[in-house]
Asks: 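Have a look at the structure that comes next, please.
Below, read A as the first sequence line, B as the second, and so on, with proteins coming before strands; counting in each chain starts at 1.
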Number of protein chains: 2
Amino acid sequence: MKEGPDIARIATLIGDPARANMLMALMGGQALTATELAGAAGVTLATASAHLSKLEDGGLLSQRRQGRHRYFALADSAVAGLLENLAGLAATRGHLRHRPGPRDPALRRARICYDHLAGDFGVRMLDSLIGRGAIMADGEALQLTESGHRFFCEIGVDVDALKTPRRPLCRACLDWSERRSHLGGALGKAIFQHILAEGLAKREPESRAIRFTREGERRFLALFPVQDADAA
Amino acid sequence: MKEGPDIARIATLIGDPARANMLMALMGGQALTATELAGAAGVTLATASAHLSKLEDGGLLSQRRQGRHRYFALADSAVAGLLENLAGLAATRGHLRHRPGPRDPALRRARICYDHLAGDFGVRMLDSLIGRGAIMADGEALQLTESGHRFFCEIGVDVDALKTPRRPLCRACLDWSERRSHLGGALGKAIFQHILAEGLAKREPESRAIRFTREGERRFLALFPVQDADAA
DNA sequence: TTCATGGTTTGATCGTAACCGAAGCATCAT
DNA sequence: ATGATGCTTCGGTTACGATCAAACCATGAA
């Protein structure tokens, strides 16, 4: 009967709406305090506290006390990966809670997905990279090409520094708003940081939305041109 | 608050122990009847029926009536991927339910993981493939090399026929018993089918375990030799 | 037809866990 | 000290959903 790991344990953990909201909030990649998370989940601080301990000793969250604050973050990118996976499936299965229409336009346009760019801008970027032959797609597996390597070095992303056994360089991440893939992995993270560092865009304070400056958007589109009509 | 897809909905679906057991049973890759699944979950047929409808209109299961039987299977490999992901995380987080010790030795040795080989034999095979340069590993991303392509053609696996946009050729799948990766994806499936077709091994009837014949094991090890001491 | 088998529906029971308010601890500021 | 803020613990309420037995509906066999 019960062979293998206890899959139900963590699924239950994620299955509670309040906890799910907290986790999704943490997909923003930055640590949040208990009170902030309580707000995000729409519950009292008391209940939030209970949820957070459960999540923590479920191994999904890491926690750091700092003064009288308690900061929580996703335990690591494996957890983020699982959540992405879940979100991707949830977006395509069963009755969709929200129709694909623009619920929060800013979010659909550009947002942060744990540590890389997602939304319309995210999938466009990956499309462009594939189109120019910088990345080769084989199903959902992605591979950086020679020319892609050169391209990133030119624009100032040190690809070689990213090669770690712990995390794949390129990862396809299913975008729930666009229902297509965008670029995750170490490279996705590095590009995103590059974009922020260059001042093309910056994070909205209380949200996962990313706001591009007028000039930033122009430069972004120049860097990642869209060839023509996009495929469904 | 509630931005994005309803992650909690499917997590809840998976979070119930009975349903989780059913899903894990279906990771065997073959369709099972409602009664069989009831047995696997350890519940009455009545409750199983209720669970199955939920899973089905949650989009996790596909169902086919045949005579007076009703066969259920995982909806597709995306669902299987999510379950793998969950199992991998569950195996490494929190209190492990079963210690890594040999709970069911046959399962730890060789078993089926949706449609490819897992367990000790599975990770050995991937190790060997990486060791001989047939596959390149970059983090958890895997890439078939030229020489690997030749190798598989020689042993009778038609790699080119596997290239589909729908599913990646190579996929690293975290093995819960070994805590290391084995080979999934279209190639993993093809190799496994090849192994069965060649009669090196066959499935245990009521389990996910794979039994290698004495001769089959010899040929398997010859095909995928282990270089030396394996890394942790 | 009649009977058996596979599966669903109904109705009722029961447990668990999510939730909140209030009280209790810390940590920092004054 | 005194007070404020951030968080946890406690007690009690409530609701949802998992479960089963029994009745019911289908399909196939005799």
Asks: Just the rounded figure in Å: distance from P of D:dC20 to CG of B:Leu45.
Replies: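 Value for this atom pair: 11 Å.
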Asks: Whole angstroms only, please: what is the CD1-P distance between A:Ile14 and C:dA18?
Replies: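 My rounded result for the distance is 14 Å.
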Asks: Atom CE of B:Met22 to atom P of D:dA18: distance rounded to whole Å?
Replies: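 From B:Met22 CE to D:dA18 P: 11 Å.
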Asks: Checking all strands, does A:Arg65 fall into the base, sugar-phosphate, or nothing category for heavy-atom contacts under 4.0 angstrom?
Replies: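 Since no nucleic acid heavy atom lies under 4.0 Å of A:Arg65, the category is nothing.
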Asks: Pull out every residue in residues 46-55 of chain B that has a heavy atom closer than 4.0 Å to any atom of DNA chain D, ordered by number, or say none.
Replies: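 Within residues 46-55 of chain B, the residues near DNA chain D are B:Ala46, B:Thr47, B:His51, B:Lys54.
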Asks: To the nearest 0.5 angstrom, please state how far the CG atom of A:Leu37 sits from the CG atom of A:Leu32.
Replies: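 It comes to 5.0 Å.
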Asks: Output all residues satisfying side chain to side chain donor-acceptor pair (under 3.5 Å) with B:Gln66, sequence neighbours left out; order by chain, then residue number.
Replies: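 Side chain to side chain donor-acceptor pair (under 3.5 Å) list for B:Gln66, sorted by chain: empty.
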Asks: Does any pair with a residue in residues 194-217 of chain A pass ring-ring contact (aromatic ring centres under 6.0 Å, His included), and if so which ones, sequence neighbours excluded?
Replies: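 Applying ring-ring contact (aromatic ring centres under 6.0 Å, His included) to every pair that reaches into residues 194-217 of chain A, excluding sequence neighbours, yields A:Phe121-A:Phe212, A:Phe212-A:Phe220.
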Asks: Shorter than 3.5 Å, N or O on both sides, protein versus nucleotides 27-30 of chain D: list them out with atom names.
Replies:
unit_1, atom_1, unit_2, atom_2, d
D:dT27, O2, B:Arg68, NH1, 3.4

Asks: Rounded off to whole Å, could you give me the CG-to-C1' distance for the B:Asp57 and C:dT8 pair?
Replies: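 These atoms are roughly 14 Å apart.
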Asks: Answer yes or no for A:Arg111 and A:Trp176: cation-pi contact, defined as NZ/CZ to six-membered ring centre under 6.0 Å and angle to ring axis within 45°.
Replies: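 That pair qualifies as a cation-pi contact.
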Asks: Please tabulate, for side-chain N and O atoms in residues 10-20 of chain A, each donor-acceptor pair with protein atoms closer than 3.5 Å (sequence neighbours left out).
Replies:
unit_1, atom_1, unit_2, atom_2, d
A:Thr12, OG1, A:Ala8, O, 2.7
A:Thr12, OG1, B:Gly15, O, 2.8
A:Asp16, OD2, A:Ala18, N, 3.0
A:Asp16, OD2, A:Arg19, N, 3.2
A:Arg19, NE, A:Leu13, O, 2.6
A:Arg19, NH1, A:His51, ND1, 3.0
A:Arg19, NH2, A:Thr12, O, 3.3

Asks: Could you give the CZ-to-P distance, from B:Arg70 to C:dT5, as a whole number of Å?
Replies: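 Atom-to-atom, B:Arg70 to C:dT5, this comes out as 21 Å.
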Asks: Counting side-chain heavy atoms from C-beta on, which of C:dC19, D:dC20, C:dT8 comes nearest to A:Asp16?
Replies: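 Out of C:dC19, D:dC20, C:dT8, the nucleotide with an atom closest to A:Asp16's side chain is C:dC19.
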Asks: Roughly how many Å is it from CD in B:Glu56 to P in C:dT8, rounded to a whole number?
Replies: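 Spelled out: CD on B:Glu56 to P on C:dT8 is 9 Å.
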Asks: According to salt bridge (Lys or Arg N to Asp or Glu O under 4.0 Å), who are the partners of B:Glu56, at least two apart in sequence or on a separate chain?
Replies: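 B:Glu56 satisfies salt bridge (Lys or Arg N to Asp or Glu O under 4.0 Å) with no other residue.
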Asks: Under the salt bridge (Lys or Arg N to Asp or Glu O under 4.0 Å) test, which residues partner B:Arg203, sequence neighbours left out?
Replies: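 For B:Arg203 there are no salt bridge (Lys or Arg N to Asp or Glu O under 4.0 Å) partners, ignoring immediate neighbours.
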Asks: Tell me, please, which residues at least two apart from A:Thr44 pass side chain to side chain contact (heavy atoms under 4.5 Å, CB included).
Replies: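 Applying side chain to side chain contact (heavy atoms under 4.5 Å, CB included) to A:Thr44 gives A:Ala46, A:Thr47.
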Asks: Please enumerate all residues that pass salt bridge (Lys or Arg N to Asp or Glu O under 4.0 Å) together with A:Asp120, with sequence neighbours excluded.
Replies: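 Residues passing salt bridge (Lys or Arg N to Asp or Glu O under 4.0 Å) with A:Asp120: A:Arg124.
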Asks: Using whole Å, what does the distance between atom C1' of nucleotide D:dT5 and atom OH of A:Tyr71 come to?
Replies: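 Atom OH in A:Tyr71 sits about 13 Å away from atom C1' in D:dT5.
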